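Both counts, for ligands and for their atoms, begin at 1 and track the order of listing. All figures in this text were calculated on a predicted structure; none of them were measured in a lab.
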Amino acid sequence: MVLFERDNEIYRDRDALREDYQPEELVGRDEELRTYQAALQPVINGEQPNNIFLYGKTGVGKTAATKYLLAHLREDAAQYDDIDLTVIFLNCDGLTSSYQIATRLVNDLRSEANQISTTGYPLASVYEMLWEDLDACGGTVLVVLDEIDHVNDDSILYQLPRARANDDLEEAKIGLIGISNDFSFRDDLSPKVKSSLCEQEIHFPAYNAENLRAILEQRGEVAFHDDVLSDEVIPLCAAYGAKDAGDARQSIDLLMKAGDLARDEETDVVTEEHVRRGRRALERGRIKEGINGLTEHGHLVLYALLTLDLEGEAPVRSRDVRPRYTRFAELANRDPLVPRRMRDHLSELAMLGIVSVTERNEGRRGGTYREYALDMDVELILSAMAETVELVGVHDSIAPYVDAGADEEAPTLQDFSNV
Ligand SMILES: Nc1ncnc2c1ncn2[C@@H]1O[C@H](COP(=O)(O)OP(=O)(O)OP(=O)(O)O)[C@@H](O)[C@H]1O
């Protein structure tokens, strides 16, 4: 019996919609690419490279532009005998200190047999090794630090760009390219780091619907068979993308989700309806991830609000959520937070789009206050909160939603008269 059969009615190459796909051309980024290219020109001229700092929100093409231009730079540099170019690309996600970055760079420059341990050396010794290895490498070395805002101390951001001026390097010409989507990171840099790292700053603005359309058309052509996408699919994905955050990654994900839904249904056309449903599914995924990322008290506050909402009590003020939250915290064997901290959790839930907030006015003499209600469907929230429900018990109001056979061990709370 054949269980798996190849289905390629919809996709020509689905991988072209994945994060790791590097498009041959970047569309809608002409101006930024021109500035970036000019900033890299000294490398080809055999001059000391600029330090470059790229910033902009997530998914606006900072990494894609860097990989695209550096691939061309390498290729074009190869035709000049007097240019010896080395590029080291490091994503700083998971690397939080200058020490970790420096040891990674040393190991990237060394052979397998000469790797150093990632702990145990004084920072100054690691820098010494780094300067030696960079000089041994010689030529021009471009170090790209993507997601540079993960690095908590700025020592390396100061040391690397200034290594030559400080006489640490004689042979190698080093250029640092920092990439960040955290705007406060740039603003918080100390003046001395800012002046060396941000020699050339390039801002990548969010994409508008027209940019996103061009990007999606380019991807769509590679990923889908001809005539599979109905006319409204790409404009709709682009319009949603522009409305949300101008993030190309999010728009490409939406196009893929719509394609997957069409494929699962074994239809041979992707329609507007697939996009709309795909958007809802992705949204649910994001919310679920948001709930999963909350702390225990965040879950307890959400559980309290959920039960009040189901009992028809919402919109409800923070002070009226409190008794139930306190009771749930006690049942879970946790010390309840003070009211202000509990309110912070309600605000966080509102920021995630799980809870809606309404500002109310108490009339001429009173101040304003906020009321909270649930803004998400119950099953979705519950599916992300199984552990909390198990810890606290099943409140009467959620009983109809909890699969009876799913967890026979979970206690049921009958007596909520005091909360
Ligand atoms: N101008 C473009 N043309 C084609 N594809 C693009 C363009 N801009 C972005 N993309 C694609 O969108 C996705 C996200 O882009 P990229 O990773 O470069 O964003 P980023 O700005 O570096 O985001 P982050 O800050 O989250 O790392 C990638 O799949 C990339 O190939």
Side-chain angles (χ1 to χ4, degrees), residues 11 13-37 39-40 52-73 87 89-95 142-151 176-187 197-198 201-224 229 234-235 237-260 278 282 285-286 289-290 293:
Y11 290 115
D13 177 8
R14 183 177 179 273
D15 289 350
L17 299 174
R18 286 172 48 102
E19 173 76 39
D20 47 11
Y21 177 84
Q22 179 67 29
E24 265 174 37
E25 294 292 327
L26 292 184
V27 284
R29 271 293 174 240
D30 295 350
E31 202 183 316
E32 292 74 17
L33 286 176
R34 257 197 305 276
T35 317
Y36 202 172
Q37 187 181 341
L40 290 168
I52 305 170
F53 184 62
L54 302 191
Y55 66 107
K57 286 190 184 154
T58 185
V60 294
K62 302 180 297 297
T63 308
T66 302
K67 290 196 168 159
Y68 170 79
L69 283 181
L70 291 182
H72 277 279
L73 186 67
V87 175
F89 191 100
L90 217 58
N91 189 308
C92 303
D93 189 11
L95 301 173
L142 289 181
V143 176
V144 185
L145 298 181
D146 201 354
E147 304 198 35
I148 196 171
D149 40 279
H150 288 251
V151 186
L176 181 60
I177 301 176
I179 307 177
S180 174
N181 56 25
D182 179 348
F183 285 73
S184 61
F185 171 80
R186 172 176 157 275
D187 297 340
L197 170 64
C198 308
E201 282 188 337
I202 308 173
H203 175 229
F204 278 58
Y207 287 118
N208 60 28
E210 198 188 322
N211 302 144
L212 291 172
R213 233 162 126 148
I215 293 170
L216 293 173
E217 263 158 22
Q218 181 206 43
R219 284 303 165 96
E221 256 170 48
V222 187
F224 293 94
L229 297 181
I234 285 185
C237 290
Y240 277 139
K243 183 167 158 262
D244 289 345
D247 173 344
R249 186 183 292 118
Q250 214 168 309
S251 302
I252 296 171
D253 283 351
L254 177 55
L255 185 59
M256 178 152 80
K257 189 76 199 173
D260 286 354
L282 289 177
R286 270 195 288 278
E289 223 172 84

Distance-only criterion, 3.5 Å: show the donor-acceptor pairs between side-chain atoms of residues 53-60 and protein atoms not counting sequence neighbours.
from  : atom 1 : to     : atom 2 : distance (Å)
Thr58 : OG1    : Arg249 : NH1    : 3.1

Query raised in the report: Excluding sequence neighbours, so at least two apart, what forms side chain to side chain contact (heavy atoms under 4.5 Å, CB included) with Ala64?
Result: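 So Ala64 forms a side chain to side chain contact (heavy atoms under 4.5 Å, CB included) with Leu26.
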
Query raised in the report: When you measure from the side chain of Tyr207 to the backbone N and O of Arg213, does any donor-acceptor pair fall under 3.5 Å?
Result: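 Absent.
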
Identify every side-chain donor-acceptor pair in residues 30-37 under 3.5 Å, counting partners at least two apart or on other chains, and give the distances.
from  : atom 1 : to    : atom 2 : distance (Å)
Thr35 : OG1    : Glu31 : O      : 2.9
Tyr36 : OH     : Thr66 : OG1    : 2.9

Requested in this report: Mind listing the closest non-hydrogen atom pair of Pro23 and Gln218 along with its distance?
Outcome: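 Closest approach of Pro23 to Gln218, heavy atoms only: CB-OE1, 3.9 Å.
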
For ligand 1, output the ligand-protein N/O contacts shorter than 3.5 angstrom; if there are none, return none.
from     : atom 1 : to     : atom 2 : distance (Å)
ligand 1 : 1 (N)  : Val27  : O      : 2.7
ligand 1 : 1 (N)  : Tyr207 : OH     : 3.0
ligand 1 : 3 (N)  : Val27  : N      : 3.3
ligand 1 : 5 (N)  : Arg219 : NH2    : 3.4
ligand 1 : 8 (N)  : Tyr207 : OH     : 2.7
ligand 1 : 17 (O) : Arg249 : NH2    : 3.1
ligand 1 : 18 (O) : Thr63  : N      : 3.3
ligand 1 : 18 (O) : Ala64  : N      : 2.8
ligand 1 : 19 (O) : Gly61  : N      : 3.3
ligand 1 : 21 (O) : Val60  : N      : 3.0
ligand 1 : 21 (O) : Gly61  : N      : 3.1
ligand 1 : 21 (O) : Lys62  : N      : 3.0
ligand 1 : 21 (O) : Lys62  : NZ     : 2.8
ligand 1 : 22 (O) : Thr63  : N      : 2.9
ligand 1 : 22 (O) : Thr63  : OG1    : 2.6
ligand 1 : 23 (O) : Gly59  : N      : 2.8
ligand 1 : 23 (O) : Arg249 : NH2    : 3.4
ligand 1 : 25 (O) : Lys62  : NZ     : 2.8
ligand 1 : 25 (O) : Asn181 : ND2    : 3.0
ligand 1 : 26 (O) : Thr58  : OG1    : 2.4
ligand 1 : 26 (O) : Arg249 : NH1    : 3.1
ligand 1 : 26 (O) : Arg249 : NH2    : 3.3
ligand 1 : 31 (O) : Arg219 : NH2    : 2.7

Query raised in the report: Quick one: does Asp15's side chain get under 4.5 Å of Tyr21's, heavy atoms only?
Result: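 Contact flag for Asp15/Tyr21 side chains = no.
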
